[in-house]
Amino acid sequence: MDETDVTLALLDAAIDKDSKVQEQVRKSMLTLGKQQPDRVLAMCQDYLLKHPKLVVSHRVVILQTIELIAGCSIEEISSPRIKSIISLASEEMTRSKVIPDWQQAASNILVAVGNKHINDIMEEILSKFQPGVLPHFFVVQTLANLSDSNVYGMVPFLNAILGTMLPMLSMAKQDNMKWVFSSALCHFSDSILEYLANLDKAPDPTVRKDTFSTEICAAFDILFNNWLQSRESKLRLTVAEAVGSMCHLMSSDKLEEQIPKLIPAILSLYKKNNEHYIISKSLCQVLDASLSMGSRILETQLDNLLIVLHQQVSAPVDYNNPPTVKNHNEVLRCFSLLANSFPDRLVMFVLQKLENSNERSRMGSLSVLRHLINSTTSTMESKKLLILASIRQPMADQSNKVKKCVVQVISAMAHHGYLELEGGELLVRFIVQHCALPDTYQEVTNEALRTICDNTLHLLTTTVGRLADVLWPKLLYYLTPPQYSNATTPLCKSLIVLGNKKKNNQEPSFNIDFKQEGRRHWCKVQLYRMLYVSRGHGMPSLALLQILSASIHPKTESLWEKEIPPLLLLSKTLATIDDDKWVCQLAAEATRYLPTYNLALEEKSFLYRCIGVTLQQCFNKEVVKKQLQEILLTARHNDAVEREGVAMGIGLCANSHLEGTLAKLDEFGKSDAFKKSPSIFNLLKDRNDVEVEKVKSTLILCYGQVALNAPPEKILNRIDQDILRCISKHFNTKVLGIKVETKDLTMKLSLIQSVGLIAKAISECVKKQGYIFTRKQELINVMLDFIKAEPADSMRTPVRHLVMNTCANLLYPSVCFFCFLDQNMVSFHNLGALLGRLSPRCSDPHPAVRAAAMDCIYSLLYIQLRYEGFALDYKDEAVDSLLLLKDKLENPDYSVLYKTCSDLTKVHQAKRLPQQQLTTLVFMLFEGLVDSQTNCCRASSVILNTLLKNRGGGLQELVAITCMQPYLTKPLVTLLHLYRISTHRACLFLSLSMWMALGADPIVANQIIEMVMEKILIMAPYVEMKGPMLRGGTTKVATNQSLAVSHKTFTDISSSVDELKGLVRSIHMFQGIRYNCSFVLKCVVYRAMAKHAGPRLPAIVECLCPSLNNIYECQRVTVTAFFSELLNHHVVTELMLIDVLMNNMMERISDPCCAVRMLSVRGLGNIAIGSPEKVNILAHFHTYKCTHSLWATVQLHCSCRDTHRLLLLASLPHQENDEIRCASIHLMGNLSKFGSGEPVFKDQIHNVLVSLLLHLVDPNPQVVKACKYAMRVCAPVVGSEQITTMFQNHLHDDKSLHYGEFINDLTKHLVRDTRMKTSIPAWLVVGKFASFQNGFGFCPFLFSVLLHKLFCISSIISVQQLCSSCCT
């Protein structure tokens, strides 16, 4: 495909309505056009000419393509093609009425070409811009756009264009034409002003403003006097914009004359329009033009101007909406213009507005003030002191929005020398004060305001050099007051910049004399403040300390030069100072400042620690005692962070003053703060008692920290007698001599932490000296009691976590002696249990738990290696490979996690775990099968499966024990649950695989089956539960044990006889109790057994027969259903089981369970299908009583299929036994109540009707009576109303019957009602078979009589049909 074809294809594709496709077409065409512009433009032009009826969107895309090519390759396009394109665009632009998209695209082509070929363009455009004729909308629009894009080319034409345009203005009646003329005049004016402003670049430097004044003034009159009053807001704004631009070209006299009318008119537009930017821009141009010519009338408009402008500048600025931002800037520009001409009046106006408490008004005034300070420096020079005095009032405003504006004003004032003046210090303090704001939630938050102040302070420090003497050292003293604590970081950063600058310049003001009044205690307090780390204080504070070292104390300079920034311990500094008096003063100052940090608890906690370190270096015991007393009395014990800080500080102090610290704690514990009235009612705690519990909690923590920080050589002798005794005294309260253990959670947590700290201290001490911790077991028992008291279903408190850590610390001195153990003396007997607990956690949903579990397993296996006698530095390749598996645990895919668990078990636990530990591991994994985390349940199943496959041989002797465990069925039920809910195919049959692994060994499998069979025999299969409230009654629900064991049997079963027995017996447990739910499954299984398990059926039947008398209905239903299905197959006859099964079915007919009776009837009916030759034999047992039992069963539950089978039993009226014959006929009548609507029943009635007619004269009266009853109830099935009526009238049980007349009348009805005049009814002829074959002597004779009657009445007799029927 050549370029021509590609171009045409692209032009065709431009019809697509998708904007992205259109954009791509334009880009592709531009690429081609840059290579061959003339050729592509010609093809575009030809395409438009050949397709004049293109849809607008298609035509627009092609025109836009021409514009792009013309704009990019204008230099390379030939002159003829330029003229052709100009002609095409002009024609397209003026072709029809205004269609914006189409004609705008054509106009843009002319503008693009006009940048280079302005003369050709003007020749074409002016031909359509003739005097006296209103031009096309886009002709004027094109001229306006050309004046913008090619100023120097268009201005020479504008004088003539304006001359032609002026008469047209009065001809414009429609708003769109007025709009385009106004827009064009605005563009023309802007182009002229730009031309005049750059005459040095202009082609004609002789052009002057006067050249256009006359035409502009004439146009101004029309626009201002007529069009500005339009109701159309868009037109008003465009006219206002044009008027503003035209003012610069008007003569001075004309403008001065118009100002009294012009400014009020523009100001009034603010109320008429929602968009104010154009109005403000126009007003600014008018003011600029008026002030440039020195207007004297403008002053008369000043008051009104300032009021309206202030309203505009006070309006909220939406920085997401650019027009509002532009409007705000234009209004500020108006203020700066007025300030140059009327500074006094303007400044007074703004400062008066600052006194207004309205938030918007004050913010607007501050914005104007900041703008004036920055833009009119010389004008505002004489107003500095006045502004400094006036700014104080908005500084007291509570609004963060106003404060933000104040900060911006202060920043502007700092750059122009305001802060060096008297009162400037207040502005610095304002900045620092707001650097320390706490967080809040407002539209302008404290945090946002604080950030602005931080940045402003840094800006002032780094960019305003003359402020150095103002800020240094004054900023230092803002570090001490507590209200400025949050400002520490920005203050330090600014002071570092100032200090380094002065130090490098060796300025005398760098050295600070802290001995002056008011500075005496600053260095001591600040020494602590510099070490705080919140809000990033640490590094800036340390850097500032280094700068101030010489001023703080002469001895610190050399140390801090070396140790800072890595200064971590305050004690080094204090030891270097070596001035006890100075250190004591430092501790006292720090203690005095503690209450100032009640809102910054982390910093306060750090200060407690610093005080503790300071007291270590203080050798005045009285001072130490006093400071400890002060700390304990003033601490807020209700706060956990502060309690920890107090305890740590006192513990650090004990490092040098153990005796004094313990004495002070004991003394404080006996003080009035702990005294209560000895009353039993004290058990009911009030508020004060709660506070006492918190104080006790602090003391308990203090004892733990004292033990941890005290010198190791001194503390061991004090643990039992002093520390643990006091802790126990505070934790347990005596009321009336009775020891009462506290239930306060805070005290409990404090005790746990304190015991853990004491255990840590002992573990460190025993490394260097011998010690027997006699109370260790007692403390461990206390910890275990705490865990037992916690709720088992949730973790509401941190008690468990803390107790585990404490127990680990208590046990650590015991477990750290592995290196001294002889492997023959001790064994790691808990390894299996621990691995069983930890291994499933490798699939925990939380990655941190998975990683921790793998680390624990890694450590446990190395501990086992130590027990086996390996050296401490021994490295096992298999155990170390756990680290590679640990990386896989980061993958959240559970299939990967389960595979990792399997690999872990296969490679490591299966090889490293001693055989005697295997049992413990297996039973622990059983418990894991019911873990609260489903994923851990599945992981337990995976691990069990892997373990059984690899080491199942060692579990053979455990099979019986395992199956007898009472909790075995619970894991099995869990596994069944996993089958139903699992969404991972990889783990769907994990537990099935586990059982298959156990069953792989025939011996183990047989043992399991035997145990399961025993379970089935003794287990209750279900329990009865109360049903829903609306339904009432009870519901039978399978028990978990029977469900689990039955499912296991069904899953794991093989082909042995005993297993098949278990299968059948467990079916009802596996699928549930309800018959309808499990019937399909049962039939499939039973049918399969009848077909494929024939040789084993006798043993199965013998085993199951006792279950027919079981007390549980579900078992009787199951066995009866199984026997019923067997009777449907001929195999039972071959195996000589028919009699056993038939007898059982007969016995079950009278079962109290409806389902059993129904199934027994179905089984008897199945005999006709499975063993039809036995039907006659069955009839001999079919007694009258049995028939009535069958009828009772049918009344309760009988389907169509069952009715059909029972008809085979009922159709035995030819039997020689009178009783059987009578019962069969009676059953036939009863069955009509259920089968009268079924075709099969109707056929059966037709077949036996002749037999019933013949037996109306049976020698046995009971048979005759049964026949009459059966014929009465079955008459509707025959299908004749006359016959039905005849049977109802003549066949009464207690009346005699004239048989001949009855047969004669019946025959007439048969012939007439069946409408078969030409042939004998087929059912009647077929009925002869029963009569001629009947053993009764009277039946053949009577049948012959019946046929004779029929032949006599029928008009046409088919002898051939009769003969063939009789021969059959």
Side-chain angles (χ1 to χ4, degrees), residues 605 608-609 611-613 615-616 628 631-632 635 637 639-669 674 693-732 741-742 744-766 771 773-776 778-783 785-786 797-813:
S605 177
Y608 278 121
R609 283 174 273 168
I611 294 173
V613 173
L615 292 177
Q616 285 180 4
L628 291 178
I631 289 173
L632 291 169
H637 298 278
D639 190 273
V641 176
E642 188 156 345
R643 284 198 303 271
E644 294 252 0
V646 169
M648 292 172 122
I650 292 177
L652 290 170
C653 176
N655 184 266
S656 299
H657 307 283
L658 178 60
E659 300 291 339
T661 303
L662 289 174
K664 173 49 67 179
L665 291 175
D666 188 54
E667 178 188 337
F668 187 74
F674 292 90
E693 302 291 354
K694 298 298 187 287
V695 177
K696 288 184 176 181
S697 299
T698 305
L699 282 180
I700 291 173
L701 278 177
C702 288
Y703 280 111
Q705 289 291 344
V706 166
L708 182 65
N709 292 281
E713 65 275 7
K714 297 181 180 180
I715 191 59
L716 289 178
N717 295 330
R718 312 299 296 268
I719 285 178
D720 284 334
Q721 294 300 321
D722 294 320
I723 295 179
L724 287 177
R725 180 183 60 82
C726 293
I727 289 177
S728 177
K729 180 183 68 174
H730 291 307
F731 187 74
N732 300 300
E741 184 177 319
T742 182
D744 185 77
L745 178 61
T746 303
M747 286 189 66
K748 189 181 293 187
L749 295 176
S750 298
L751 176 64
I752 297 169
Q753 289 177 273
S754 186
V755 172
L757 295 173
I758 293 171
K760 274 187 180 181
I762 294 174
S763 65
E764 291 297 322
C765 293
V766 296
Y771 177 72
F773 191 11
T774 57
R775 303 187 65 177
K776 179 178 71 174
E778 176 189 348
L779 293 174
I780 290 176
N781 292 335
V782 172
M783 297 298 110
D785 289 340
F786 286 160
T797 66
V799 169
R800 283 194 183 91
H801 173 71
L802 291 175
V803 167
M804 293 299 293
N805 289 336
T806 299
C807 288
N809 291 328
L810 286 169
L811 293 172
Y812 179 72

D744 and K694: CA distance, side-chain angles, deciding distance, salt bridge (charged side-chain N to carboxylate O under 4.0 Å, His left out) verdict: CA-CA 9 Å; D744 185 77; K694 298 298 187 287; 3.7 Å; yes
Can you see which heavy atom on M783 is nearest to which on T806, and at what distance? SD-CG2, 3.9 Å
Does a salt bridge link E693 with K696, judged by any charged N lying under 4.0 Å from a carboxylate O? no
Could you give the distance from CG (L662) to NE2 (H657), rounded to the nearest 0.5 Å? 13.0 Å
Under the side chain to side chain contact (heavy atoms under 4.5 Å, CB included) criterion, do Y703 and H730 qualify, and how do the steps go? CA-CA 11 Å; Y703 280 111; H730 291 307; 4.2 Å; yes
Least distance between heavy atoms, S697 atom then M747 atom: OG-CG, 3.0 Å
From F668 CZ over to I650 CD1, what is the distance, rounded to the nearest 0.5 angstrom? 8.5 Å
Rounded to the nearest 0.5 Å, the CD1 atom of I762 sits from the CD1 atom of I719 at a distance of 4.0 Å
Is there a donor-acceptor pair closer than 3.5 Å between any side-chain N or O of S763 and the backbone N or O of K760? yes
Shortest non-hydrogen pair, L615 vs C653, comes out as CB-SG, 3.8 Å
Report the distance from atom CD1 of I780 to atom CD of E778, rounding to the nearest 0.5 Å. 11.0 Å
Determine which pairs satisfy salt bridge (Lys or Arg N to Asp or Glu O under 4.0 Å) with at least one residue from residues 644-662, sequence neighbours left out, and list them in order. E659-R718
For the residue pair A707 and I723, what are the closest heavy atoms and their distance? CB-CD1, 3.9 Å
For E713, does the CD atom sit with more than 12 other heavy atoms under 6.0 Å from it, leaving out its own atoms? yes
Side chains of L665 and L632, heavy atoms from C-beta outward: is any pair under 4.5 Å? yes
For the atom pair OH (Y608) and CD (E642), what is the distance rounded to the nearest 0.5 Å? 4.0 Å
Test your reading of the model: is there a side-chain donor-acceptor pair from S750 to the backbone of T746, 3.5 Å cut-off? yes
In terms of heavy-atom contacts, A654 and T661 come closest through CA-OG1, 3.6 Å
Mind checking what makes side-chain contact (heavy atoms from CB on, under 4.5 Å) contact with L652, not counting sequence neighbours? R609, V613, Q616, N709
Checking I758 against I727 for the side chain to side chain contact (heavy atoms under 4.5 Å, CB included) test, could you report, in this order, the C-alpha distance in whole Å, the side-chain angles of both residues, the deciding distance, and whether it holds? CA-CA 11 Å; I758 293 171; I727 289 177; 3.7 Å; yes
Checking S728 side chain against L724 main chain: does a donor-acceptor pair fall under 3.5 Å? no
List the atom of F786, the atom of V803, and the distance in Å for their closest heavy-atom pair. CB-CG2, 4.2 Å
What's the verdict on side chain to side chain contact (heavy atoms under 4.5 Å, CB included) for N781 and K776, showing C-alpha distance, side-chain angles and the deciding distance? CA-CA 9 Å; N781 292 335; K776 179 178 71 174; over 6 Å; no
With no hydrogens and no angle check, is any side-chain donor or acceptor of N655 less than 3.5 Å from a backbone partner on G651? no
Check for a donor-acceptor pair, side chain of H637 on one end and backbone N or O of R643 on the other, with a separation under 3.5 Å. no
With rounding to the nearest 0.5 Å, note down the distance linking OG1 in T797 to CG in L749. 6.5 Å
Trace of the side chain to side chain contact (heavy atoms under 4.5 Å, CB included) decision for I752 with N805: CA-CA 9 Å; I752 297 169; N805 289 336; over 6 Å; no
